[in-house]
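Everything below concerns the one structure shown next.
Below, read A as the first sequence line, B as the second, and so on, with proteins coming before strands; counting in each chain starts at 1.
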Amino acid sequence: MHITNAVLIAAAATTIWLVFYVQFYLPRRLEERFLESMKAFSKAIELRFPTNSGRTDEIIRTCTMIGKRFGYTRSEIHELELAVYLRDIGCCAIPYRPFNEKPRTEWTEAEFTVYNRHPEVSGAMLELVPSLRHVADSVRWHHARFDGADNIGSPTRGDLPLNARILKVSSDYVWLTSEMGAGASLKAIVEGKGTEYCPEVVEELEHVLTSSRVKEPEPSIA
Amino acid sequence: MQIRRELISVRQTLLWLSLTGIGLSAVVYRFGVFHSNPDYLWLILPVLAMFAEFIPVELSRRGVRVAFALPYVAGMAFAVGPLAAVVTDVLVTLVAGYTMLRRHRSRSATLWLGINASVGAISACVGSMAMLGIIAWLGNSREIVATACVAFMLGYGIVNFLLVTYLDWRASGRRWLENLSGALKLTSKSFALYTVVGMAVSVLAYDEHYYYIPLTLVPVLALRTALQYQARMYEHYYETITALTLMLQRAHPYTHGHLERVARTAEEVARRLGLSNQRARMVREAAVLHDIGKIAVDEQLLDKPGKLTDEEMEHVRQHARWGAEILEPVRSFREMLPWILHHHERPDGSGYPSGLLDPDIPIESKIIAVVDAYDAMTGSEIPGARRTYRDPMSVNDALDELERCSGSQFDGAVVRAFRTVLTEGRY
């Protein structure tokens with residue numbers, strides 16, 4: 001074969017390989033790097049507040065199922081996962097002692113006020129990190145009520161980011177399930193439909209929980 | 001590759017670079033051959049070069065941007081002649097640079113435009129001379145086009161790398177060799193692929209198959225995307241460090257400033273001890289993260305004025321283990337985990353968490369231990385860094401304390417290196 005033809009064939013082969021490399025391999029690798037970092041952030045918060053630990057995987061599973069019901073693409077699901085991992089990053093600003101010394105039921109009103117600032121702190125911290133800035137709003141409002149009755153200055157109803165609404169429903173559902181069991185938890189969420197929780201998201205939660213797929217939850221992309 | 005960094009004074013650099021560029025261009029003009037081509041289809045090459053120059057990848061942390069015009073500049077050398085390649089490179093650099101200058105106004109931007117054009121001219125001239133050398137040696141035929149193109153790309157690439165990293169060293173004070181190895185590491189694989197594309201463009205240009213040349217934009221754009229991904233991963237690595245540090249600072253505000261000082265000095269001490277540039281850089285990053293486990297420590301204990309109880313001390317001591325636990329999921333940090341886990345070990349075996357003896361303690365942990373201890377002893381002299389449980393120590397007292405504990409609590413060689421760094425004013 002003539003050397004110049006070999007050069008052209010090599011260039012064509014290189015092009016095909018490069019296209020596959022940038023279309024499939026590199027996006028996956030970047031996603032993996034992000035998730036690794038998220039696990040580190042999550043681990044740090046779990047170590048600071050051990051009572052909060054162990055729910056992240058469950059919340060991710062619920063969020064992913066709801067996100068898919070909304071027709072989320074793979075990258076949108078990935079963004080939702082980032083928001084789950086980063087939701088409590090602001091907890092590092094909460095004083096260690098009172099919140100680790102007594103159960104939530106014994107917290108004073110002042111302590112609740114301090115604790116409830118963590119989404120705002122999380123959002124502010126994420127604003128400082130360029131590659132995570134896009135999830136700052138979802139994280140900032142992940143405890144915001146759908147109807148805005150909590151008066152925390154959040155957007156309300158359709159103006160709340162969908163990821164924040166999904167995160168609110170999923171995290172509350174997982175937390176309530178650990179406190180009172182799955183049935184009562186779903187009932188409490190449904191009662192808050194339209195006031196505390198976004199009705200569309202609650203409907204999708206009901207759908208994923210009552211569908212036959214609930215017993216074999218889809219694994220997270222993590 | 002081009003420099004986009006602000007300089008304080010660059011006129012002299014611009015003068016010698018432009019004179020060198022003009023001199024080398026005269027040599028290329030003297031020895032190069034001009035191919036007249038009546039149908040002007042070769043004009044596709046400068047058009048593509050211009051397009052490729054307008055889609056650079058910014059490697060912002062390094063202060064450089066990588067443009068993609070080189071394969072088409074190489075093609076010009078074969079389609080029209082080496083001097084045409086030099087002129088194309090200078091023109092596309094000037095036009096793209098001027099457009100960006102209008103977008104991002106700055107005082108020294110015009111001078112930088114001249115410098116970038118001169119660097120381009122010198123690189124293209126050296127590439128052309130390498131190509132002419134191959135042609136003179138092997139004869140001008142279709143068979144040697146690929147070889148001559150490799151010579152052009154290598155000549156261009158090597159000179160460009162050397163000049164750009166040299167200028168960055170002059171502009172920012174960053175070490176030349178470190179910069180060179182960093183830039184090579186980041187772009188060498190891409191450059192190899194880039195050379196294959198350049199060879200294809202040159203062969204097509206030599207054969208006057210100009211209609212096919214736009215197809216080479218596919219690998220160029222794919223390469224650009226690959227570099228963008230690489231740059232994002234690189235940025236994300238540093239942003240992860242930043243975010244973790246922010247978390248620690250939120251939990252323990254006194255760490256603000258302390259971590260940066262310890263990191264900077266630890267890197268200097270690592271260099272002084274003969275660690276490679278890359279290793280020293282990693283020591284810096286590990287030093288920023290060495291106390292990350294304190295996120296999980298009760299801040300009231302760290303600021304407690306009196307003596308800690310055994311239970312409290314055990315809680316505080318867990319931070320070394322927790323630090324490693326937090327960083328463990330991140331693959332890029334795995335090499336640093338033992339350094340962070342063992343930064344409170346002592347050569348006499350009385351440290352924690354594992355009670356390792358001198359030979360088993362990583363040198364990186366020993367460096368962090370010394371610099372951290374010094375900063376903790378003297379840091380309270382710095383506004384905002386004062387700790388409530390201890391009065392500040394003077395520099396001399398702190399150094400004496402390090403000397404006194406040298407061999408038992410701290411490594412003697414590290415303490416000596418630290419003292420040298422300190423006396424050289426690098427702290």
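- In this view, B/Tyr229 satisfies the ring pair (Phe, Tyr, Trp, His ring centres under 6.0 Å) rule with no residue, not counting sequence neighbours.
- Ranked by non-hydrogen atom pairs under 4.5 Å with chain B, the options A/Ala93, A/Ala10, A/Ala44, A/Ala12 are led by A/Ala44.
- Between atom CG of residue B/Asp298 and atom CZ of residue A/Arg48 there is a gap of 7.5 Å, rounded to the nearest 0.5 Å.
- Put simply, of A/Val7, A/Ile16, A/Leu128, the one with the most heavy-atom pairs under 4.5 Å next to chain B is A/Val7.
- Note that CZ of A/Phe34 is 5.0 Å distant from NE2 of B/His236, once rounded to the nearest 0.5 Å.
- For A/Pro50, no part lies under 4.5 angstrom from a heavy atom of chain B.
- If you tally non-hydrogen atom pairs under 4.5 Å between each of A/Thr14, A/Ile89, A/Thr15 and chain B, the highest count goes to A/Thr15.
- When every heavy atom of A/Asn5 is checked against every heavy atom of B/Arg142, the shortest pair comes out as OD1-NH2, 4.2 Å.
- Contact tally against chain B (heavy-atom pairs below 4.5 Å) for A/Ile45, A/Val121, A/Leu132, A/Val22: the top residue is A/Val22.
- Heavy-atom distances place no part of A/Glu46 under 4.5 Å from chain B, backbone and side chain included.
- A donor-acceptor pair under 3.5 Å links the side-chain atoms of A/Glu36 to the main chain of B/Arg331, judged by distance alone.
- Under a cut-off of 6.0 angstrom, the local environment of CZ in A/Arg28 is sparse, with at most 12 non-hydrogen atoms contributed by other residues, nucleotides or ligands.
- Taken from CG in A/Leu26 to CZ in B/Arg232, the straight-line distance is 10.5 Å, to the nearest 0.5 Å.
- Heavy atoms closer than 4.5 Å to chain B are found nowhere in A/Tyr25, neither backbone nor side chain.
- Of the atoms belonging to B/Glu325, heavy atoms from both backbone and side chain fall under 4.5 Å from chain A.
- Atom CD of A/Gln23 sits about 7.5 Å away from atom OG1 of B/Thr225, to the nearest 0.5 Å.
- Atom SG of residue A/Cys92 and atom NZ of residue B/Lys294 lie 15.5 Å apart, to the nearest 0.5 angstrom.
- More than 12 heavy-atom neighbours from other residues, nucleotides or ligands sit within 6.0 angstrom of CZ on A/Phe112.
- Taking a 6.0 Å sphere around CZ of A/Arg117, one finds it holds 12 or fewer heavy atoms contributed by other residues, nucleotides or ligands.
- Within 6.0 Å of the OH atom in B/Tyr237, the count of heavy atoms belonging to other residues, nucleotides or ligands exceeds 12.
- Annotation: B/Glu311, atom CD; neighbour count of heavy atoms from other residues, nucleotides and ligands within 6.0 Å does not exceed 12.
- For B/Ala296 against A/Tyr96, the heavy-atom pair with the smallest separation is O-CE1, 3.4 Å.
- Only the backbone of B/Val297 comes within less than 4.5 Å of a heavy atom of chain A; no side-chain atom from C-beta onward does.
- A/Ser37 touches chain B through backbone and side chain together, each having a heavy atom under 4.5 Å away.
- Contact annotation for residues 195-204 of chain B against chain A (heavy-atom separation below 4.5 Å, listed by residue number): B/Val196, B/Met199, B/Ala200, B/Val203, B/Leu204.
- With rounding to the nearest 0.5 angstrom, the OG atom of A/Ser131 is 12.5 Å from the CE atom of B/Met233.
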